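Before any comments, here is the structure.
Quick note on labels: first sequence line is chain A, next is B, and so on, each numbered from 1. Small disclaimer: the values here were computed from a predicted structure and weren't measured. Hydrogens, waters and symmetry mates play no part in the numbers below; they use all other heavy atoms, side chains included.
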Amino acid sequence: MTGASARGPRAGPGDRSMTAEISEYDTARIEAKWQAAWDQADLFRATRSAAPKYYVLEMFPYPSGRIHIGHVRNYTMGDVIARYKMSSGFNVLHPMGWDAFGMPAENAAMASGGHPKDWTYQNIDVMRGQMKPLGLSIDWSREFATCDPEYYGQQQALFLDMLDAGLVYRKNATVNWDPVDMTVLANEQVENGRGWRSGAEVERRELTQWFFKISDMAEDLLDGLTSLKDWPEKVRLMQENWIGKSRGLQMIFPMTTPVHGQDGIEVYTTRPDTLRGASFIAIAPEHPLAKALAEDNADLAAFAADVRKGGTTEEALEKAEKRGFDTGLTVDNPLGGTLPVWIANFVLMDYGTGAIFGCPAHDQRDLDFARKYDLPVIDTFVAVQDGHPVTTEAFTPPKTEAVRWLDHPTGLDITTGQAAIAATIDWAEAKGLGTGKTQYRLRDWGLSRQRYWGCPIPVVHCDACGVVPEKKENLPVVLPDDVTFDVPGNPLDRHLSWRDTPCPNCGKPARRETDTMDTFVDSSWYYARFTAPRAKTPTDLDDAAYWMNVDQYIGGVEHAILHLLYSRFFARAMGKTGHLPQGTEEPFKALFTQGMVTHAIFQTRDDKGRPVYHLPEDVDLDSKTVRATGETIEIIPSAKMSKSKRNVVDPQDIISSYGADTARWFVLSDSPPERDVEWTASGAEATFKHLRRVHRLATDIARADRAANAADTDLARATARAIHEVTEGIEGFAFNKSVAKLYEFTNTLHKSDAGAQARRDAMKILAQLMAPMTPHLAEEIWSMMGGEGFVLNTPWPKADPGLLVEDAILLPIQINGKKKSELSVSKDMPNAEVEALVLGDTIVQRALNGGQPKKLIIVPGRIVNVVI
RNA sequence: GCGGGCGUGAUGGAAUGGUAGACAUACCAGACUUAAAAUCUGUUGGGCGUAUGCCCGUGUGGGUUCGACUCCCACCGCCCGCACCA
């Protein structure tokens with residue numbers, strides 16, 4: 001009997017309606033049915049009990065308006081983990097919320113009227129409505145948006161406690177200022193030195209702003225990275241570089257003639273070993289000395305103002321030429337002689353001391369500067385072999401490479417930069433010239449935004465008392481609703497009845513702070529809030545102690561630095577202010593960064609050669625033409641989805657044509673989760689067909705009636721292997737491999753000649769294994785097979801170890817490392833017997849041609865290699 | 001410039017020192033059909049050969065090893081992150 005003939009009766013035209021009723025894979029009906037059943041059973045509510053917990057979290061979305069297929073991939077991955085852990089006996093916390101403050105809401109209000117609040121909450125409703133049909137195992141009872149006063153009020157409480165603990169302060173800082181929109185712009189909002197909305201030339205302006213003291217924790221944040229074993233190496237490295245620890249020397253060059261009360265310039269350098277090569281001092285245009293000099297030097301003031309224009313973007317800085325202004329002042333060089341003091345556009349005020357010594361021979365920037373302004377170039381070391389003086393390229397070998405030192409103050413001859421630096425710091429400290437100092441590139445986190453749609457900073461400015469924290473009982477400081485966006489600038493500044501308020505300290509008239517918080521603040525502690533989203537304090541320590549930390553965090557790699565670093569800072573800050581228990585300093589135990597969903601772009605060109613984009617449904621892929629016009633299309637594969645390129649796939653369309661399970665299965669299949677996955681119409685279609693095949697197979701198996709037979713054991717073995725391999729794939733975040741194994745197992749089951757009961761048992765296991773990926777279909781099959789309760793509540797299957805080991809194995813035989821033959825042997829056959837069988841193999845004998853092998857390597861149970 | 005990653009059939013990918021190409025897509029062929037679709041079955045890395053078979057093949061060149069997609073060195077190409085950080 002063949003597998004094919006054993007399948008149930010095929011539906012002929014006559015009995016079509018009957019068959020349709022029983023066996024049709026009706027996704028709309030099946031998915032709605034099971035989602036309702038889960039809701040009814042309140043299956044996803046996270047509850048505390050004696051059982052172990054598992055907290056799985058996907059980065060919450062910004063409510064931009066519609067969900068994207070990329071969101072589907074992100075949440076499906078989390079859902080696979082969540083459902084797998086639920087079936088494995090864990091209390092699972094799998095919440096969802098909205099990162100709801102931010103500029104797009106205000107921009108929408110400016111562009112088309114309306115209110116940011118309405119825009120945001122409407123978007124949330126739409127997106128929640130799009131997410132629910134996906135059948136995610138989310139505890140919706142914990143949902144919140146960061147723009148809920150209930151949430152941001154607690155954030156204000158947190159802010160006040162951090163202020164109290166000295167973790168927040170105010171200082172002047174240079175920012176990108178858009179003079180038309182009258183607001184501070186983030187670096188990424190500056191394009192070619194112009195504001196991205198207004199097109200106005202951006203200025204660098206100094207404003208008093210609020211800062212979190214993240215730099216205080218630089219060392220701890222760096223240290224903590226080593227414990228994050230389940231984070232991608234890449235992300236840890238990016239954070240390490242961002243923190244940017246360096247060791248150097250801080251020293252003062254005395255002014256030859258003190259001016260404006262300054263008798264020295266303090267300099268920081270990581271290359272004190274090149275001190276002898278110093279040929280000038282360069283200070284930042286914002287350096288106090290430069291500012292003092294500018295007061296009575298119009299040319300200098302003009303230079304500083306000119307340099308300040310053009311923003312602080314990377315591109316602007318990269319293109320900027322090295323420019324300097326000679327102050328005419330000099331400092332004394334401790335090694336003898338004097339050095340001229342210049343103001344230079346490439347020296348940053350907020351790193352180190354805002355002043356450097358220039359060593360043109362061993363720094364390309366300094367060399368460019370020296371050549372331009374005709375300053376000396378002094379070699380301090382040369383290559384050990386054929387060393388030659390620096391001409392047009394600075395000599396900057398790795399610090400680990402040994403070089404020959406010329407007339408070094410510490411008397412060094414041949415040694416590495418590393419060793420020379422250490423020696424010079426010791427030497428300088430002994431001579432009292434300076435002190436060794438550790439610097440971090442990480443700067444304090446400026447959180448002030450001159451914006452309406454953000455969390456108000458809960459302080460009041462009083463003429464008498466200064467900056468006064470709002471009283472906790474007055475929280476939340478709620479955003480006023482009656483604002484307009486028809487005038488540039490921050491509406492809070494213009495809203496007098498909101499802005500003017502009595503001082504919480506003395507009661508006299510005072511003004512509220514009108515800056516709001518950076519939206520990164522909102523997302524820096526939401527994971528903690530999810531453990532007790534309705535608590536009257538930022539967190540509930542008992543709940544936090546049970547649920548924290550996040551066991552698996554999943555999101556885009558674009559948040560590798562800022563969001564994840566800020567969250568790590570906040571977890572520490574919340575610990576210090578008593579809002580999180582011990583052991584939560586690293587809030588995300590494991591991190592997974594998933595790839596994007598991409599889609600081909602179909603384009604033609606207009607008569608001017610500009611690209612014209614076409615929707616996938618408008619092109620014919622066989623002939624590679626546009627259906628309507630017959631023009632030949634260019635296909636750009638694997639491009640990031642973008643509305644303007646017309647290659648966006650709307651999850652809702654997919655769900656309505658194929659169902660949620662198809663969308664979920666597709667985004668998990670083929671590509672490894674960390675890599676991009678290409679959405680193709682044929683792939684989606686094929687996925688649907690496969691699920692329909694599984695459904696039909698289940699229908700057939702439910703009806704079939706065949707006696708137990710010898711094939712039952714084979715099927716049991718295949719089942720055990722499937723359990724083992726699918727589980728391994730899920731545990732190892734290789735969902736594509738689990739999907740492949742499920743295909744394979746389905747094919748095996750389909751072709752199996754096993755008896756009805758054996759096939760039913762295998763089908764039940766298949767339903768269990770598919771459940772994390774395609775939960776609706778899995779529940780449907782589970783119930784068709786007579787399974788009890790929900791498949792989700794059924795303990796995850798365990799592979800019988802006895803069935804995983806094969807008694808007889810096919811042992812490959814290699815000749816000189818190439819597979820030429822194979823041998824069927826029992827798994828634990830002694831090597832001597834294997835050797836005899838190998839040597840008796842006809843192909844081996846032919847190759848040996850009567851001779852003896854040079855060597856015979858037997859790897860028991862794996863392979864044999866005959867070396868001739 | 002600095003740091004990191006990747007390179008395997010027509011395509012997405014599998015194999016992390018042991019049978020390269022699992023699984024899927026696409027293509028082709030066959031069955032069913034008046035026909036098409038759907039469904040089912042099968043083939044498909046390249047070359048030589050009637051064939052048992054043989055040779056080549058994981059970006060390129062070299063090395064280590066009985067054995068290399070996998071480890072090491074050099075190069076080429078692509079991608080990502082950071083960057084006047086002294």
With respect to the phosphate group of [N], does any side-chain polar atom (N or O) of [X] fall under 4.0 Å of OP1 or OP2?
X      : N     : value
A/R692 : B/U39 : yes
A/K245 : B/C85 : no
A/R441 : B/C82 : no
A/R693 : B/C40 : yes
A/Y351 : B/A86 : yes
A/K234 : B/G4  : no
A/K818 : B/C56 : yes
A/N747 : B/A24 : yes
A/R675 : B/C6  : no
A/K820 : B/C55 : yes

Would you indicate what [X] reaches in the nucleic acid, counting non-hydrogen atoms under 4.0 angstrom: base, sugar-phosphate, or nothing?
X      : result
A/K854 : nothing
A/Y743 : sugar-phosphate
A/V867 : sugar-phosphate
A/R365 : base
A/S669 : nothing
A/N865 : base
A/R323 : nothing
A/D366 : nothing

Rounded to the Å, how far apart are [X] [atom1] and [N] [atom2]?
X      : N     : atom1 : atom2 : result
A/W679 : B/U11 : CH2   : C1'   : 17 Å
A/N816 : B/U65 : CG    : P     : 15 Å
A/L811 : B/G67 : CG    : P     : 19 Å
A/F735 : B/G13 : CZ    : P     : 17 Å
A/D676 : B/C6  : CG    : P     : 15 Å
A/N736 : B/G21 : CG    : P     : 18 Å
A/Q814 : B/U65 : CD    : P     : 17 Å
A/L823 : B/U19 : CG    : C1'   : 13 Å

Please report the distance separating the [atom1] of [N] from the corresponding atom of [M], rounded so that it comes out in whole Å.
N     : M     : atom1 : answer
B/G1  : B/C72 : P     : 24 Å
B/G4  : B/U8  : P     : 22 Å
B/G49 : B/G62 : C1'   : 34 Å
B/G59 : B/G5  : C1'   : 16 Å
B/U43 : B/C27 : C1'   : 11 Å
B/A68 : B/G77 : P     : 28 Å
B/A38 : B/C82 : P     : 47 Å
B/A26 : B/G18 : C1'   : 32 Å

- prompt: Which residue, A/L237 or A/I356, contacts RNA chain B at a nucleotide closer to its 5' end, judged by nearest heavy atom?
  reply: A/L237
- line: On RNA chain B, more 5' by nearest nucleotide between A/G683 and A/V347 is A/G683
Among [options], which is the nearest nucleotide to the side chain of [X]?
X      : options             : value
A/A740 : B/A22, B/A14, B/U19 : B/A22
A/K751 : B/A14, B/U41, B/C84 : B/U41
A/S682 : B/U19, B/G12, B/A26 : B/A26

So, does [X] use its side chain to make a donor-acceptor pair with the main chain of [Y] at under 3.5 Å?
X      : Y      : value
A/D363 : A/D366 : yes
A/R73  : A/G595 : yes
A/D676 : A/M596 : yes

field: B/C75 - base-pair partner by Watson-Crick or wobble geometry, distances under 3.5 Å
entry: B/G59
- request: Searching all strands shown, indicate the nucleotide that pairs with B/G1 (Watson-Crick or G-U wobble; both distances under 3.5 Å).
  value: B/C82
task: Measure across A/V347 and A/G354 and return the closest heavy-atom pair with its distance rounded to 0.1 Å.
output: CG1-O, 3.5 Å
- prompt: Under 6.0 Å between ring centres, would you say that holds for A/W445 and A/Y566?
  reply: yes
- request: List in chain and number order the residues that pass ring pair (Phe, Tyr, Trp, His ring centres under 6.0 Å) with A/F381, two or more places apart in sequence or in another chain; answer none if no residue qualifies.
  value: A/H362, A/F395, A/W405
- line: In A/L375, A/V331, A/I281, the residue satisfying side chain to side chain contact (heavy atoms under 4.5 Å, CB included) with A/P340 is A/L375
- prompt: If you measure from the Lys or Arg side-chain nitrogens to the Asp or Glu carboxylate oxygens, is any gap between A/K245 and A/E219 under 4.0 Å?
  reply: yes
message: Checking understanding here: a glycosidic angle within 90° of 0 is syn, the rest anti, so what is B/G9?
response: syn
query: Do the side chain of A/K322 and the base of B/C84 come within less than 3.5 angstrom through a donor-acceptor pair of N or O atoms?
result: yes
Under-3.5 Å donor-acceptor pair between A/R696 side chain and B/C40 base: no
query: What pairs of residues pass the side-chain hydrogen bond (donor to acceptor under 3.5 Å, both in side chains) test when at least one of them lies in residues 346-361 of chain A, not counting sequence neighbours?
result: A/S246-A/Y351, A/D350-A/R443
